[in-house]
There are 2 protein chains.
Amino acid sequence: MASLTTVDGLAQLSFLVLGTLERRAAEHDLSLIQTRLLGVLRDRRPTMLELAKLLGLDKSSVSGLVDRAERRGLVTRIPSAADRRSVLVGLTEQGRTLAAEVAARFEADVTEILALLPDADRRSLSSLVSGLLVAHARANGVDLFDTLVPSHE
Amino acid sequence: MASLTTVDGLAQLSFLVLGTLERRAAEHDLSLIQTRLLGVLRDRRPTMLELAKLLGLDKSSVSGLVDRAERRGLVTRIPSAADRRSVLVGLTEQGRTLAAEVAARFEADVTEILALLPDADRRSLSSLVSGLLVAHARANGVDLFDTLVPSHE
DNA sequence: TATTGTTATACTCTATAACTATA
DNA sequence: TATAGTTATAGAGTATAACAATA
């Protein structure tokens, strides 16, 4: 039982963490991708095409995604002044509130799980995970993409 | 940029790890859930109902999931001898081969990411993650569920 | 009656291809 | 011509409800 591979451990931890997020999102009738949509929009107002890039989806998929979110009053389409072909997507107040609520509950869940570790271990884990992410971002010339929770600063 | 919350870091790491798995699975035309199906069957031959429990899905969802995997020759339905209402689901040789291949590539990917850390850090991370998973499993009276890769021993 | 599994139905999510409207 | 976005279409994945077969 303690014979977990590092890879196995990371995979299981990932399923645990994202499963937690998925469950919290579902309490608000949000799918994981809808939650990511709201998360990405917390500090951006991208075009449909930029949004597709951010979420790793085809533009046509984003059309439907935004349609459904808009129908629920969570996001709005704003005509671009610069290019009349373009549409900007932004959060509504309702969308912002919902995103914040899901994020808060998710943070509480993960914090509770992390509380199972002694303080020193938790600090070590945090710093190792950060280090790994930074190293990976650097190695791939990629900006540390936001997932649910945008970087706070 | 170094101001990542522990929770943020874990969320991003989880997206990174499962995104890697998803990409590898997609190379073999497997979705994440199909991959999990194959993974779960690597060391089990459950009934449909047990499978639903293992995957956290409704039994009707599992019917369709198994249908599609069976159509591709990855799994088979075996009538239960004990209960004529029941059906056991098992991997075919082809399914087993495919599962092993995806698992191997995924392990290589994650190993490569982990190689960005110094040896000592990697060992620390591994032990902290294992500790967290064990503590969580204990706190929830849950067996350390298999995700993609079944526990090796 | 209760349980196991499938089917019917409806919706979300996804991609490809064809289209419209701007550039 | 090229680009931004939508629409048409097809398929996977999911749940709820109704059903058939067996217990």
Side-chain angles (χ1 to χ4, degrees), chain A residues 15 18-19 21-23 25-41 44-90 98, chain B residues 15 18-19 21-23 25-40 45-90 98:
Chain A
F15 274 113
L18 293 195
L21 175 56
E22 195 168 26
R23 220 171 313 114
E27 289 177 355
H28 299 270
D29 283 301
L30 286 176
S31 65
L32 216 41
I33 187 62
Q34 287 283 345
T35 306
R36 285 230 290 152
L37 170 64
L38 300 188
V40 153
L41 293 180
R44 286 185 197 81
R45 183 170 285 189
T47 66
M48 295 294 283
L49 223 54
E50 287 165 350
L51 201 43
K53 186 79 175 289
L54 284 165
L55 296 174
L57 297 175
D58 188 86
K59 57 184 177 162
S60 65
S61 304
V62 175
S63 272
L65 206 62
V66 169
D67 280 349
R68 293 184 289 275
E70 198 172 26
R71 211 179 301 141
R72 287 180 60 180
L74 303 178
V75 308
T76 42
R77 274 184 243 238
I78 304 134
S80 163
D83 184 336
R84 299 221 318 274
R85 293 171 302 181
S86 273
V87 177
L88 305 181
V89 184
L98 190 55
Chain B
F15 275 112
L18 294 194
L21 175 56
E22 195 169 27
R23 219 170 315 114
E27 290 178 358
H28 299 270
D29 282 302
L30 286 175
S31 65
L32 217 41
I33 187 61
Q34 287 283 346
T35 306
R36 285 227 294 152
L37 171 64
L38 300 187
V40 153
R45 183 169 287 189
T47 67
M48 294 294 283
L49 223 54
E50 288 164 350
L51 202 44
K53 185 78 176 289
L54 285 164
L55 296 175
L57 297 175
D58 188 86
K59 56 185 177 161
S60 65
S61 304
V62 175
S63 273
L65 206 60
V66 169
D67 281 350
R68 291 184 290 274
E70 198 172 26
R71 211 178 301 141
R72 287 181 60 179
L74 303 177
V75 308
T76 42
R77 275 182 242 238
I78 304 134
S80 163
D83 184 336
R84 300 224 314 277
R85 294 171 302 181
S86 273
V87 178
L88 306 181
V89 184
L98 190 55

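Since the structure is predicted, the reported quantities are computational estimates derived from the model, not experimental observations. The figures that follow rest on heavy atoms only: side chains count, while hydrogens, waters and symmetry mates do not. We name chains A, B, ... by the order of the sequence lines, and we start the count at 1 in each one.
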task = Return the value, rounded to whole Å, for the distance between atom CG of A:Leu30 and atom P of D:dA15.
result = 16 Å
B:Gly64 vs A:Lys59, nearer the 5' end of DNA chain D by closest nucleotide = A:Lys59
query = OP1 or OP2 of D:dT14 sitting under 4.0 Å from any side-chain N/O of B:Ser61?
reply = no
task = Check whether any side-chain heavy atom of A:Leu30 lies under 4.5 Å from a side-chain heavy atom of A:Arg72, and answer yes or no.
result = yes
request  = Test for a donor-acceptor pair under 3.5 Å between the base of C:dT14 and the side chain of A:Ser60, counting only N and O atoms.
outcome  = no
query = Taking side chain as C-beta onward, heavy atoms only, is A:Leu51 less than 4.5 Å from A:Leu41?
reply = yes
key: Side chain of A:Asp83 (C-beta onward), nearest among C:dT7, D:dA8, C:dA23   = C:dA23
message = In whole Å, I'd like the distance from the CZ atom of A:Arg77 to the P atom of D:dA4.
response = 16 Å
request  = Tell whether A:Arg85 reaches the base of D:dT3 with its side chain through a donor-acceptor pair below 3.5 angstrom.
outcome  = yes
task = Please report, rounded to the nearest Å, how far the C1' atom of C:dT6 is from the CG atom of B:Leu57.
result = 16 Å
request  = Would you please test A:Leu57 and A:Ile33 for side-chain contact (heavy atoms from CB on, under 4.5 Å) and show each step?
outcome  = CA-CA 10 Å; A:Leu57 297 175; A:Ile33 187 62; 4.0 Å; yes
ask   = Checking all strands, does A:Ser80 fall into the base, sugar-phosphate, or nothing category for heavy-atom contacts under 4.0 angstrom?
value = nothing
query = Within this structure, what is the CG-to-P distance between A:Leu65 and D:dG5, rounded to whole angstrom?
reply = 15 Å
ask   = Any chance CZ of A:Arg77 has more than 12 other-residue heavy atoms, nucleotides or ligands included, within less than 6.0 Å?
value = yes
inquiry  = Using heavy-atom distances to pick each residue's nearest nucleotide on DNA chain D, tell me which of B:Arg68 and A:Leu49 is more 5'.
reply    = A:Leu49
inquiry  = Between C:dT22 and A:Arg84, counting only base atoms on the nucleotide and side-chain atoms on the residue, is there a donor-acceptor pair under 3.5 Å?
reply    = no
ask   = Can you check the A:Leu37 CG to C:dT14 P distance for me, whole Å?
value = 10 Å
ask   = For the pair made of CG in B:Leu32 and C1' in C:dC13, what is the distance, rounded to whole Å?
value = 14 Å
inquiry  = Using the side-chain heavy atoms of B:Ser63, tell me which of these nucleotides is nearest: D:dG13, C:dT7, D:dT6.
reply    = C:dT7
message = Regarding B:Ser31, tell me which of base, sugar-phosphate or nothing describes its non-hydrogen contacts under 4.0 Å with the strands shown.
response = sugar-phosphate
query = Is it true that a side-chain atom of B:Glu50 and a backbone atom of B:Thr47 form a donor plus acceptor pair closer than 3.5 Å?
reply = yes
Atom-pair distance (CZ on B:Arg23; P on C:dT14), nearest Å = 15 Å
Between P of D:dG11 and CG of A:Asp58, the distance in whole Å = 18 Å
query = So what does A:Ser86 touch, heavy atoms closer than 4.0 Å: a base, only the sugar-phosphate, or nothing?
reply = sugar-phosphate
